[in-house]
Amino acid sequence: MPIPFNDHVRGFVESTPWRFAKTYAATWPHEYVVRTAENAPMILALARHIFEHGIDGRFYSQIRKYHHEGGKVYWSMAEKPDGATLINRCDEAQTYEARLARDPALGV
């Protein structure tokens, strides 16, 4: 059972304007939020939660930590929380593993 966001992190996730990743709209639709001087402490708190409580998941041959909550999946491309310069999220149905389950040819 995943550990949910604490109230502080949840408030940040719900109040932050997420940007749609236009470059990946046709292939891997997702949103992201970029670390700024103003939101850096909350990006770090969110990244720590993902790394500490997330589950391993695949994106092709990559293994990353993913946190599933509220129909969304959150991840960072950084190797550790303090290196997170942005956080990504997508709908549960748009993860690699969910799409692979629907279409096994995706993994080829």
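Count residues from 1 along the sequence.
Among residues two or more places apart in sequence or in another chain, the side chain to side chain donor-acceptor pair (under 3.5 Å) test is passed with D91 by K72. Residues satisfying the salt bridge (charged side-chain N to carboxylate O under 4.0 Å, His left out) criterion with D7, sequence neighbours excluded, are R10. Every salt bridge (charged side-chain N to carboxylate O under 4.0 Å, His left out) that R89 has, sequence neighbours left out, goes to E31. For N6, there are no side chain to side chain donor-acceptor pair (under 3.5 Å) partners, not counting sequence neighbours.
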What's the verdict on side chain to side chain contact (heavy atoms under 4.5 Å, CB included) for T95 and Y66, showing C-alpha distance, side-chain angles and the deciding distance?
CA-CA 10 Å; T95 66; Y66 294 92; 5.8 Å; no
Run the side chain to side chain donor-acceptor pair (under 3.5 Å) test on E92 and H68 for me, step by step, so that the C-alpha distance in whole Å, both residues' side-chain angles and the decisive distance to 0.1 Å come before the verdict.
CA-CA 8 Å; E92 290 269 358; H68 298 249; 3.0 Å; yes
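Closest approach of I87 and S76 over heavy atoms only: CD1-CB, 4.0 Å. The nearest pair of heavy atoms linking S15 to G11 is OG-O, 2.8 Å. Nearest heavy atoms, C90 versus P29: CB-O, 3.6 Å.
Residue E79 qualifies as open at atom CD: its count of foreign heavy atoms under 6.0 Å is 12 or below. Environment of CZ in F20: crowded, with over 12 heavy atoms of neighbouring residues, nucleotides or ligands closer than 6.0 Å.
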Name each donor-acceptor pair under 3.5 Å that joins a side chain in residues 43-60 to protein atoms two or more places apart or in another chain, with its distance.
unit_1 : atom_1 : unit_2 : atom_2 : d
H49    : NE2    : I3     : O      : 2.9
D56    : OD1    : K65    : NZ     : 3.2
R58    : NE     : Y60    : O      : 3.2
R58    : NH2    : Y96    : OH     : 3.4

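With rounding to the nearest 0.5 Å, the separation of CG in N88 from OH in Y74 is 11.5 Å.
Taking 4.5 Å as the limit, every side-chain heavy atom of M42 sits out of range of all side-chain heavy atoms of R35. Taking 4.5 Å as the limit, some side-chain heavy atom of V13 sits within range of a side-chain heavy atom of F5. Residues N39 and V33 form a side-chain contact, since some pair of their non-hydrogen atoms from C-beta on lies under 4.5 Å apart.
Annotation for Y32: hydrophobic cluster partners, listed by chain and number, are V34, L86 (ILVMFWY side-chain heavy atoms under 4.5 Å, direct or chained).
The ring of H30 has its center no closer than 6.0 angstrom to the ring center of W18.
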